[in-house]
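Just so we're on the same page: letters track the sequence lines, and every chain starts at 1.
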Amino acid sequence: MTSYGMVIDLNRCTGCRSCMTACKVENNTTQGNFWMYTFRFEEGEFPNTRVWFMPRPCMHCQNAACVKVCPVGARYKREDGLTATDWDRCIGCRYCEVACPYGVNCFNWKDPNKNHYLDWNDPELLAETGGGLPYANPDLKEEYGDENRRIAGGGHHKGVIEKCTFCVHRVEDGLQPACADVCPTRVIHFGDFDDKNSEVSKLLKNNPNFRLLEEMGTEPNVHYIGGQPPTSKTRQIEEVKARV
Amino acid sequence: MRKIVTILMVIFGFALQAVSFFYLAAPIGAITSEASSNPRIPFAPVFFIIGVGSVFLAAVVFELLPDKDVQ
Amino acid sequence: MRVSRKDFLKLSATSAGVLTVGSLLSGGMKTLVPFEKGKVKLGEKFVPTTCWIGKQDCGLIARVVNGRLVSFQGHPDHPRNKGALCPKGVAQIQSIYDPNRVKTPLKRTNKKGIPGTWEQISWDEALNTVADRVKDVLERDPRLFVWQKGRSKAKDFYDDAFVKSTGATKLHHGAFCSDAGYRALEYTIGMHGVLHPDMRHTKYLLSWGWNITNAGGNKFCWLTWPQQLVEAKERGMKVAAIDPRLRGPAHFADDWLAIKPGTDLALALAICNLLIEKDSIDHEYLRKYTNSPFLIGDDGMFLRADPEEGEEEGKPLVLDQATGLLVPFDTEGMTPVLDGKTSVSGGAKTAFRLFKESLSGSSAEWAGDICGIHASQIEQVVNDLAANAMIGSTIQIDGKMLPYRPVAIMAYHMSQQELGFQALRAMLFVSMLLGSVGAVGGQFSDFTWKEYKNWSKFADISVKEGPYNIYLSGSKFFPINSNNSSLVAKVINNPEQYEVDYIPEVFLLHHVNPLGSFPDREENIKAYEKIKFVAAIDPWLSLTADLFADIVLPAATIEKYEGPMSATDQYVDATAMRIPPIEPLFQSRGEIDIYLDLCERIGVLYGEGGYLDIVNNELKLRDTDFALPLNVKPTPREIFDKYSKLNGLEGIEFFETEGVQLKGPVSSSKYYPYAMETPFGGILPHRLYGESLLVAQHRMMEMGADEIYYRDYTAFPTWRDLTVESSPPEYDLLLMSTHMIEFKQSRTPIPMMIEMVPNQVVEMNPKDAKAKRIADGDEVIVESIHAITGETRQVKSIAAYRENIRPGVICMPHHFGEYVKHPWVKGTGPSPNSLYFTGEGYVTNTADQTYLVKVKVTKAIGGK
Amino acid sequence: MTTYTKKLPYGVWDFTRGWVFLAIALLALIALGIYAYSIQLIEGEVVTGMRNLGTMGGATWGLYISFLIYFIGLSFTGISIAAMIRLLGLEKIKPIARMAEALTVIALILGALVVIVDLGQPARALVNLFRYARPGSPFFGTFTLVIAGYLFASQVYLYLDGRRDAAILAKIPGKLQGFFRIWSAGYKDTPAEQERHHQTSFWLAIAIVPLLITAHSTLGFVFGLQVGRPGWFSSLQAPEFVALAGVSGIGFLIIIAAILRKVLNTEEILDIDVFKWLSDFLMVLIVVYLYFLVVEWLTITYTAQSHELIIANAMYTGDYAWAYWLTVAALVIPLLLLGWQFIFKRYQMAWIVISGFLVNVAAIVKRYLIVVPSQTHGKLLPYEIGSYTPTWIEYSVVLGLFALGTLLYISFIKIFPIMEVIEIVEGGE
């Protein structure tokens with residue numbers, strides 16, 4: 001068995017948000033949709049202030065609230081631990097979004113072609129690129145898994161939900177997710193928890209660790225080391241105000 | 001006769017509901033694999049609705065079906 | 001055919017001499033990712049190239065699918081980024097395909113000073129127009145031609161060659177960066193750099209104004225330093241942050257001294273004083289390698305031996321400990337007195353003694369009051385420094401016993417303050433007293449100990465009588481001069497005040513945007529109105545170009561040949577190139593192409609002393625088999641092909657397939673000055689005592705320069721009250737500008753980044769805000785005042801509560817405002833540059849810009 | 001006793017000018033709704049005020065879902081009244097039985113529509129729901145039991161109850177004669193048939209009561225089972241939903257009955273006793289619901305679990321206080337009115353109707369309070385507090401749905417007697 005997951009080392013995180021950007025480029029997510037989000041936190045009062053950072057991918061919970069509530073089975077668990085979203089099946093009821101305690105789901109409120117930052121159909125650009133998003137990643141529209149379902153978030157269909165896929169298209173290719181790959185200080189470690197010799201298993205074994213909102217019983221596959229979970233006293237600074 | 005049809009319909013209705021709810025539709029409970037996101041047979045939910053339908057349709061049958069022994 | 005990405009990497013590894021960064025572990029950073037790319041799909045290729053956004057030129061691997069750039073990932077073998085990338089590095093893909101790029105050469109059709117209306121013209125017409133104007137002024141007076149570039153994205157051989165072949169006046173951006181720091185280090189130890197540690201070994205680091213999580217330190221734009229820092233932290237290094245704002249050092253700081261901006265000199269002096277008091281100083285280093293034992297006469301000059309023939313002045317004298325006689329400082333086998341005086345010639349004292357005396361008042365309490373921190377915190381830092389410096393200890397590196405002083409300072413933009421030059425000198429003194437300069441784990445400032453040209457220049461600082469050139473080099477105003485282009489603007493606006501007898505006519509702006517990037521915007525606008533012809537080479541239409549350019553030439557971004565770039569991370573030596581993953585978009589062209597054509601049309605391309613000749617020289621191709629013929633116009637690819645061959649590679653193909661040429665670890669004998677056959681490469685003695693500064697001061701006085709110009713030309717750094725502090729009391733807050741990693745060093749508006757930080761904010765401590773009845777998120781008016789002229793400037797922005805900023809200080813990040821013609825910069829708010837001033841009181845004694853001004857913040861009435 | 005010869009009773013097939021004007025006005029509103037919805041279809045739901053939770057700081061469920069609960073709530077009455085008439089033999093409220101049943105059917109239709117309106121991919125939904133719907137999802141109940149089953153059941157009920165009247169009216173010549181004949185399906189009103197109908201409706205009633213409870217509970221579970229949203233996770237949700245459904249339903253029925261009483265001038269049939277009963281019943285339900293509110297308030301504030309508390313503060317004192325206290329007022333005032341009438345046995349139509357109206361205001365606002373605050377303020381991670389303001393699109397669509405419902409109702413009145421017909425005596429006396 002495989003059980004993919006992440007170990008995120010808060011000690012090393014500089015909050016640079018490279019992971020967020022790499023995710024956006026790799027998955028061509030539209031404006032306002034952040035599958036990966038890095039919190040920038042502040043605690044305490046001057047001069048006893050603390051500033052720290054926390055990347056927040058989808059937790060790919062083993063006991064995922066979103067999967068339970070999905071009325072049509074568009075959101076499902078794979079044997080390898082990934083929580084997948086079939087963007088061909090989703091009916092856009094957004095039940096997964098209200099059910100998820102981590103706020104990782106992104107709905108396509110708008111036609112993605114009208115929501116990709118710049119006018120990619122500018123005539124002179126058209127002559128160069130033939131139109132459409134120039135850096136469109138071809139892997140995203142493929143089918144993945146034995147079930148052959150389109151879960152790599154290539155759709156960005158209007159009226160469909162989407163979220164972090166752990167870059168399933170890269171993982172099935174033997175690569176790690178874009179966020180883990182790009183991280184300047186190697187904060188994000190991706191691997192198989194069922195493999196006792198994997199980097200992530202070792203990190204987990206050798207470090208005190210926690211999972212977000214453990215009390216929700218969602219059994220996240222994303223573990224944190226080198227820090228403490230945010231409390232009600234933790235203030236977010238420089239928050240990204242996602243807009244469509 | 002009329003009673004029988006009606007009762008049969010009711011039984012069939014509830015049975016169909018139960019079966020489609022618990023066995024034909026996507027399994028309830030822990031979801032660990034892609035399989036559990038699909039109904040065991042396609043359009044299982046329709047069977048459930050048919051079940052509900054037939055239970056109440058039984059009432060119509062009960063009232064509308066001509067009663068031999070009255071004739 | 002299917003090549004696996006794995007092979008691709010192996011290939012690069014092997015052909016680079018079986019070196020992968022993995023094997024050269026720099027700071028133990030794991031380099032190759034746990035997973036390798038599987039199959040390369042049809043129509044897909046991976047092109048190794050070099051990032052185009054930042055300053056440190058990270059290695060990239062561009063994924064190209066059917067001729068389209070799809071993504072960038074970090075080059076796993078590149079020492080500087082080891083497979084990682086910063087947010088801009090990843091996001092630049094958006095700006096490459098940005099439909100708002102300048103697509104064709106443009107010619108202005110309306111009057112200057114207002115947003116331009118443009119006519120698309122052919123390259124021919126554009127180049128000819130520029131060439132004619134340049135030729136015209138060159139014939140009349142080369143001084144009328146000014147060239148300026150924002151930042152060279154590689155070895156600047158090709159623009160240097162242009163400047164030299166045309167004799168243009170070259171302006172920099174450095175005066176707005178850390179040049180005062182460079183000058184201080186060049187003056188004191190002859191190194192071209194500021195302050196950084198030997199991260200592999202440092203145990204205690206003073207992160208002095210280093211914005212760890214957002215901005216670069218010395219030499220690197222950003223990524224490499226945090227990489228080495230986290231490794232060092234995990235190794236157990238302790239970090240004390242000296243910063244008015246904790247956002248930068250964040251959780252990496254073990255201690256936080258929330259110092260008042262602009263007072264670093266006082267703190268440094270106090271630290272020096274305390275170190276001397278508790279005798280935690282490296283006597284041997286100070287005696288052997290600095291001028292601290294030199295005897296200083298009461299005129300402030302060195303006592304010198306009688307000049308031997310050939311010398312115009314004699315060797316400085318020291319006091320021989322053994323004999324008590326005055327002997328030349330370099331007498332063999334003699335130990336000079338470090339802290340002493342002599343009765344001869346009216347009681348001369350050693351430089352060190354003078355320094356000690358000059359510090360007598362600089363107690364922890366004294367500095368604490370000035371810097372707004374507790375004396376105990378300063379004492380704590382001093383104790384940690386003393387404890388960790390382990391003065392006298394040595395360590396074996398590559399079989400050599402070297403001094404081991406694992407304490408250092410990381411400081412870079414610290415010099416952007418009124419006393420910047422002397423502050424950096426004083427900070428360096430801390431390391432010098434501890435003897436950590438060049439020691440293992442100690443204080444470094446450049447990657448190799450090569451003498452920088454200014455070292456000898458500064459031995460005798462020339463102060464000429466006017467008339468001066470437009471940036472006043474060697475003037476009585478700014479004898480040490482960092483060539484501040486806003487000061488140039490001021491000069492252009494009042495030439496006679498600065499004894500300048502001409503005004504330049506033709507400006508060529510190479511990806512530089514003075515109006516957008518530099519304070520002071522008003523001065524610059526006024527100046528540009530006086531310039532007859534302005535041409536811009538730029539992929540985007542900068543504010544400057546939009547308002548004042550006559551011709552705009554579209555430059556390519558990453559899609560061009562450029563280089564060579566050093567790829568060193570200070571421990572591993574490597575070279576890289578920028579390789580075009582796709583053809584230049586639109587009608588844009590690489591700058592080298594542009595300069596080649598321009599020079600040809602100006603008539604300075606061919607022949608001796610021509611552009612090609614200088615290129616040969618700069619790339620060391622001259623007089624080799626690979627020299628460029630001086631009568632044929634080469635392509636950039638040919639130039640780099642020759643360069644590659646010269647450097648023992650089969651040709652440019654090497655870089656086109658591998659990207660990085662790994663040359664192996666920097667040998668300790670190159671890295672550690674104590675391991676060189678002549679320590680410090682003979683760049684000695686280090687100038688604790690700034691005799692030539694004093695000389696310069698006297699000369700300036702003689703020439704009748706005002707005190708404001710000469711007051712900081714002192715032999716030792718001396719604290720004085722800052723000009724900004726003389727502002728009216730109602731301007732009760734200090735504005736300091738900051739960098740955000742989303743924008744730091746980025747030269748273009750990247751929508752993805754702007755989305756994350758959509759607008760300017762005024763970060764202030766809730767205590768200050770509440771006192772002014774300003775709520776978090778309120779719209780506020782920030783008004784700055786010029787302490788001398790009383791001029792005020794205003795911007796509107798939004799208040800943001802921050803507990804990580806010391807009360808009394810507010811911060812505004814840079815890179816906001818409409819600095820370029822682009823839909824995404826609209827409504828991003830003001831730039832702090834519109835609040836800053838330049839010129840006397842707001843530049844250092846070396847003409848470097850300060851980013852500090854007094855402001856008052858009020859809640860905007862009827863704000864949206 | 002009134003006798004009818006040619007004319008159909010209760011204004012059936014009698015299109016007065018007032019009726020026509022009303023119909024036209026309603027059609028206009030429906031058109032507006034359709035226009036608004038078409039914009040939403042083309043542009044996507046960006047035109048609504050809804051946004052993502054988390055980084056967008058919005059509410060991803062808004063007005064539509066609030067009204068889904070409201071409409072399903074309304075449907076409560078029809079069936080329950082009908083069932084009670086059968087099971088408790090409440091003959092005196094028999095006159096309003098059909099009004100109630102019609103209300104149920106139409107409310108359920110609106111409920112079904114408003115779900116579709118909320119979906120991002122309505123076309124897909126129509127297939128995928130029938131194809132993939134998972135019993136594991138609390139929505140399963142809403143889609144199947146509530147909307148399909150419940151709708152079907154109430155239609156059967158309406159149909160069977162109408163047969164006798166259809167049979168009577170089938171005797172009267174006119175355009176609708178054929179229609180009535182089909183409806184009556186050979187009903188002769190023989191004692192045997194009457195007996196049989198009594199049996200059926202009795203058993204139907206028995207079968208329906210559990211359905212009633214499950215239906216309204218499942219809707220409660222849609223929220224009550226969500227541990228991830230502070231303010232939602234509560235075993236009280238289901239019973240609360242049932243209770244509030246009753247309150248709004250009865251309230252709405254009172255309004256309908258009162259209006260019809262006027263326009264069909266049937267004061268003598270719909271006498272004050274009917275309304276007495278309704279008002280007392282409503283009063284009881286209000287008391288029950290208020291009890292739930294108090295319990296809710298106690299549990300949240302007493303435990304003071306930080307996230308729950310944020311919601312609580314938002315509702316009791318913060319951004320949503322206005323709405324919360326409006327709800328409370330709109331429940332307490334009717335309670336006082338009705339209670340006062342109950343105690344002094346002095347019943348006044350005006351007060352009863354006002355109460356009916358107020359409790360519906362309360363019901364709508366409370367549904368909004370159930371849906372929205374837990375999304376905008378119920379952040380378990382330190383996201384920014386969000387906000388949600390519906391856009392004109394959402395208002396127009398909801399208004400359109402209301403108009404549609406009304407139109408359906410008044411149309412039904414025109415093709416079928418809304419109250420039980422009194423037997424025709426040939427020739428009369």
Practice task
Mind ranking Ala153(D), Gly149(D), Ser137(D) by heavy-atom pairs under 4.5 Å with chain B and telling me who comes out on top?
Solution key: Ala153(D)
Problem - Heavy-atom side-chain contact between Ile49(B) and Phe130(D) under 4.5 Å - result: yes
Practice task
For side-chain contact (heavy atoms from CB on, under 4.5 Å), just list the numbers for Leu64(B) and Tyr187(D), CA-CA rounded to whole Å, side-chain angles, deciding distance to a tenth of an Å, and then say yes or no.
Solution key: CA-CA 8 Å; Leu64(B) 265 58; Tyr187(D) 187 84; over 6 Å; no
Fill in the blank from the handout: Assert top hit (heavy-atom pairs under 4.5 Å, partner chain D, pool Pro42(B), Ala25(B), Gly53(B)) equals Gly53(B)
Handout entry: Inter-residue atom distance Leu129(D).CG - Phe43(B).CZ, 0.5 Å rounding
Key = 11.0 Å
Handout entry: Interatomic spacing from CD1 in Ile41(B) to CZ in Arg131(D) - rounded to 0.5 Å
Key = 12.5 Å
Practice task
Measure Gln199(D) against the heavy atoms of chain B and call it side chain, backbone, both or neither at under 4.5 Å.
Solution key: side chain
Practice task
Counting only heavy atoms closer than 4.5 Å, note whether Phe140(D) contacts chain B via side chain, backbone, both or neither.
Solution key: side chain
Practice task
List the steps, then state whether side-chain contact (heavy atoms from CB on, under 4.5 Å) holds for Val52(B) with Tyr150(D).
Solution key: CA-CA 9 Å; Val52(B) 180; Tyr150(D) 200 6; over 6 Å; no
Practice task
Please state whether the side chain, the backbone, both or neither of Phe152(D) comes within less than 4.5 Å of a heavy atom of chain B.
Solution key: side chain
Practice task
Answer with side chain, backbone, both or neither: which region of Phe48(B) has an atom nearer than 4.5 Å to a non-hydrogen atom of chain D?
Solution key: side chain
Practice task
May I ask you to decide if Ala26(B)'s main-chain N or O and Arg134(D)'s side chain share a donor-acceptor pair within less than 3.5 Å?
Solution key: no
Exercise for the section: Over all heavy atoms of both residues, which pair between Leu65(B) and Arg196(D) is shortest? Give the atoms and the distance, please. Expected result: O-NH1, 3.6 Å
Exercise for the section: Under 4.5 Å heavy-atom distance to chain D, tell me which part of Ser37(B) shows up: side chain, backbone, both or neither. Expected result: backbone
Fill in the blank from the handout: The residue among Val156(D), Leu160(D), Leu204(D) that forms side-chain contact (heavy atoms from CB on, under 4.5 Å) with Glu63(B) is Leu160(D)
Exercise for the section: Report the option among Ala133(D), Gly186(D), Pro135(D), Ala207(D) that has the most heavy-atom pairs separated by less than 4.5 Å from atoms of chain B. Expected result: Pro135(D)
